[in-house]
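So the structure is just underneath, and the comments pick up after that.
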Amino acid sequence: MANKIQAVKGTREFYPEQMALRNFIYNKIRSAAQAFGYQEWDAPFIETIDLYAAKSGEELVKKQSFTFEDRGGDFVTLRPELTPSLARMIAAKQGELTFPVRWWSFGPFWRYEQPQKGRTREFFQWNVDMLGVNSPEADAELIAVGATFLRSVGLSPERALIYVNNRRLMDSEFDALGIPAEKRLDVSNLVDRRTKMEPAKWDTYALDLGLNQAQLDGLKSILGNYELWKNSDELVRLFATLEALGVKEYVKFDPNIMRGLLYYTGTVFEAFDTSGSLKRAIFGGGRYDNLLADVGGQPLSGVGFAMGDVVIGIILQEAGLAPEFIPSPAQVLVTVFDEKLWMQSFALAAELRAAGLNVMVSPEPTKLPKQFKFADKMKMKIALVLGPDEVEKGLVVVKNLVNGEQAQVKKEAVLDSIKSVLKNA
RNA sequence: GCGGAUGUAGCUCAAUGGCAGAGCAUCACACUGUGGCUGUGAGGGUUGUGGGUUCGAAACCCAUCAUCCGCCCCA
């Protein structure tokens with residue numbers, strides 16, 4: 001056991017059961033994105049370190065990404081996020097793309113962080129972006145894509161909500177309090193930490209940052225004011241659009257949602273599970289301006305969000321919303337009676353596959369009970385038996401494994417018999 | 001990078017210094033043309049690894065590795 005080579009820390013091993021969940025998520029993601037006309041795309045999994053260093057800061061890249069020197073002496077990074085690649089690819093074809101661009105992607109990402117519940121070093125992430133339009137109505141569409149996904153996996157608004165805020169609104173509120181622009185990053189961090197700290201310590205922290213008591217009281221008043229969105233034309237339009245799009249029940253205004261200051265400039269949003277054991281965001285995103293500035297494109301506004309597969313996977317399992325795992329994609333087993341009749345079973349299976357069925361045949365002439373047990377474990381629906389009696393008369397036994405009923409039918413009628421059993425199963 | 005917990009059969013876990021066990025799973029048989037249910041039996045262990053204390057260690061001590069949980073961070 002000690003000599004076994006273990007999987008790299010934080011990587012994922014997808015046994016068929018986990019793979020089924022991943023594919024379930026993928027299929028729901030695809031449906032939600034395509035329902036709004038988004039196109040699937042992807043970028044390289046490996047990029048030069050410079051692509052991230054330019055925007056994200058070198059320390060972040062070196063500490064929290066998988067970076068190594070390739071055989072040619074170049075430093076490359078396993079992609080920790082998709083946005084820089086998106087920016088480059090959009091900029092490269094900015095003159096020929098049809099705007100607004102609506103793109104979505106689902107693929108692997110890597111971050112060199114300490115694994116814990118809901119976080120791994122290797123994960124799959126759904127990215128959805130709309131580029132080339134700057135309007136609250138576009139923001140609402142992205143939120144609606146996310147809400148459509150939540151609804152499609154069975155997460156009701158009682159179970160999951162998308163909290164929305166607006167950076168411009170908060171900036172003007174901070175201005176009104178006399179908080180200088182250079183303190184905004186600190187204040188954003190302060191707001192982000194509010195739920196994690198004890199109130200008294202949070203107050204001290206705020207005063208340490210240089211806020212005066214009046215500003216602190218004003219800040220608390222803002223963060224407790226859930227009607228504040230009415231002061232923002234953008235948010236008023238956003239919520240009107242969400243109502244028209246039929247997803248308003250999934251969305252709540254919350255002045256505590258900040259998402260840092262790195263590149264969000266307008267609407268920001270984060271989805272949370274409201275009743276599970278995980279306090280991590282399901283997905284998050286917002287509006288960003290000047291996405292292409294660092295990669296040499298013309299200014300272009302966009303809105304987008306990202307969702308990792310790990311947190312949503314845990315939530316679906318805890319909520320009992322993960323689909324039942326069906327081990328075998330084949331619903332029909334053609335049993336092998338004995339070595340003499342073995343090839344007849346293979347031939348029958350081939351006929352059935354040609355007719356479009358998924359069919360398995362035992363790869364060895366084992367005892368019938370063993371073959372039936374196998375079919376049972378694989379949750380197969382039908383077993384066929386080709387014994388000496390049947391072969392002699394041109395018959396096949398079709399057994400319904402769900403209710404145990406079986407019948408001898410003519411070989412030509414096997415397909416119809418199977419289809420009728422499957423229809424009723 | 002920091003802190004806490006846990007490593008015993010394939011899995012979930014007992015055994016608190018004195019013979020390493022149970023349940024589930026696996027396999028066989030009851031049942032040589034039929035799965036699930038039941039019964040009987042069998043196989044399966046360098047107690048994560050290395051060292052130390054002891055007449056004696058799964059247990060106590062040290063180190064190490066791994067996993068989980070949290071902090072930091074979260075592009």
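So that the names make sense, note that chain A is the first sequence line, chain B the second, and so on, each numbered from 1.
Distance check on atom P: B:rG35 versus B:rG43 gives 26 Å, rounded to whole Å. Atom name P, nucleotides B:rA75 and B:rU16: the rounded distance is 49 Å, in whole Å. Taking atom P on both nucleotides, B:rG70 is separated from B:rC61 by 27 Å, rounded to a whole Å. For the C1' atom pair drawn from B:rA28 and B:rU46, the interatomic distance equals 29 Å after rounding to whole Å. Taking atom P in both B:rU64 and B:rU26, one finds a spacing of 41 Å when rounded to whole Å. Using C1' as the reference atom, B:rC55 and B:rU40 are 43 Å apart when rounded to the nearest Å. Across B:rA9 and B:rA22, the matching P atoms stand 14 Å from one another, rounded to whole Å. When the C1' atom is compared between B:rU6 and B:rA59, the two are found 15 Å apart, to the nearest whole Å.
A donor-acceptor pair shorter than 3.5 Å can be found between the side chains of A:Gln116 and A:Arg280. A:Tyr264 and A:Asn166 form no side-chain donor-acceptor contact under 3.5 Å, judged by distance and modelled atom types alone.
Between A:Asp129 atom CG and B:rA75 atom C1' the separation is 14 Å, expressed in whole Å. Between the P atom of B:rU34 and the NZ atom of A:Lys399 lies a distance of 9 Å, rounded to the nearest Å. Nucleotide B:rG36 holds its P atom 16 Å from the CG atom of A:Asn403, rounded to whole Å. The distance between atom CZ of A:Phe109 and atom C1' of B:rA75, rounded to the nearest whole Å, is 11 Å. We find that CG of A:Leu86 is positioned 16 Å from P of B:rA75, with the value rounded to whole Å. In this structure, CZ of A:Phe372 is placed 4 Å from C1' of B:rU34, rounded to the nearest angstrom. Protein atom CD of A:Glu270 is 13 Å distant from nucleotide atom C1' of B:rA75, rounded to whole Å. In this structure, A:Gln408 atom CD and B:rG33 atom C1' are separated by 11 Å, rounded to whole Å.
In this structure, A:Phe66 and A:Tyr112 have perpendicular ring planes: the angle between them is above 60°, well past the 30° mark.
With A:Trp229 contributing its side chain and A:Pro255 its backbone, the two residues share no donor-acceptor pair below 3.5 Å. Judged by distance alone, with hydrogens and angles left aside, the side-chain atoms of A:Ser105 form no donor-acceptor pair with the main-chain N or O of A:Asn127 at under 3.5 Å. A donor-acceptor pair under 3.5 Å is formed between the side chain of A:Asn256 and the backbone N or O of A:Leu223.
Residue pairs meeting the side chain to side chain donor-acceptor pair (under 3.5 Å) criterion with at least one partner in residues 9-21 of chain A, sequence neighbours excluded, are A:Arg12-A:Asp309. Listed by first then second residue, pairs satisfying side chain to side chain donor-acceptor pair (under 3.5 Å) with a partner in residues 363-374 of chain A number zero, not counting sequence neighbours. Contacts classified as side chain to side chain donor-acceptor pair (under 3.5 Å) and involving residues 19-33 of chain A (residues at least two apart or in different chains) are given here: A:Tyr26-A:Glu40, A:Asn27-A:Arg30. For residues 102-125 of chain A, every residue pair satisfying the salt bridge (Lys or Arg N to Asp or Glu O under 4.0 Å) rule, not counting sequence neighbours, is listed here: A:Arg102-A:Glu141, A:Glu113-A:Arg119, A:Lys117-A:Glu318. Sorted by first and then second residue, the pairs that involve residues 137-162 of chain A and meet ring-ring contact (aromatic ring centres under 6.0 Å, His included), not counting sequence neighbours, are A:Trp126-A:Phe149.
If you check every strand for non-hydrogen atoms under 4.0 Å, A:Glu390 touches a base. Nucleic acid contact for A:Gln406: base, since at least one base atom lies under 4.0 Å from a heavy atom of the residue. Across all strands shown, A:Val311 has no heavy atoms under 4.0 Å from either base or sugar-phosphate atoms.
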Nucleotide by nucleotide, nucleotides 66-74 of chain B touches protein heavy atoms under 4.0 Å in the pattern (B base, S sugar-phosphate only, - none) SS-SSBBBB
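With sequence neighbours excluded, no residue forms a side chain to side chain donor-acceptor pair (under 3.5 Å) with A:Thr335. Taking A:Phe123 as the reference, nothing meets the ring-ring contact (aromatic ring centres under 6.0 Å, His included) condition, with sequence neighbours excluded.
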Pairing pattern in dot-bracket form [Watson-Crick, G-U; both distances under 3.5 Å; | = partner strand] for RNA chain B: (((((((..((((....[..)))).(((((.......))))).....(((((..]....))))))))))))....
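Between A:Phe106 and A:Phe124, the distance from one ring center to the other falls under 6.0 angstrom.
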Would you tabulate the nitrogen or oxygen pairs shorter than 3.5 Å linking the protein to nucleotides 27-30 of chain B?
unit_1: B:rC29; atom_1: OP1; unit_2: A:Lys367; atom_2: NZ; d: 3.3

Pair up each side-chain donor or acceptor in residues 406-425 of chain A with any protein partner under 3.5 Å, not counting sequence neighbours, and list the distances.
unit_1: A:Gln408; atom_1: NE2; unit_2: A:Glu390; atom_2: OE2; d: 3.0
unit_1: A:Asn424; atom_1: ND2; unit_2: A:Ser420; atom_2: O; d: 3.1

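Near RNA chain B, defined here as any heavy-atom distance below 4.0 Å, the residues from residues 321-341 of chain A are A:Phe337, listed numerically.
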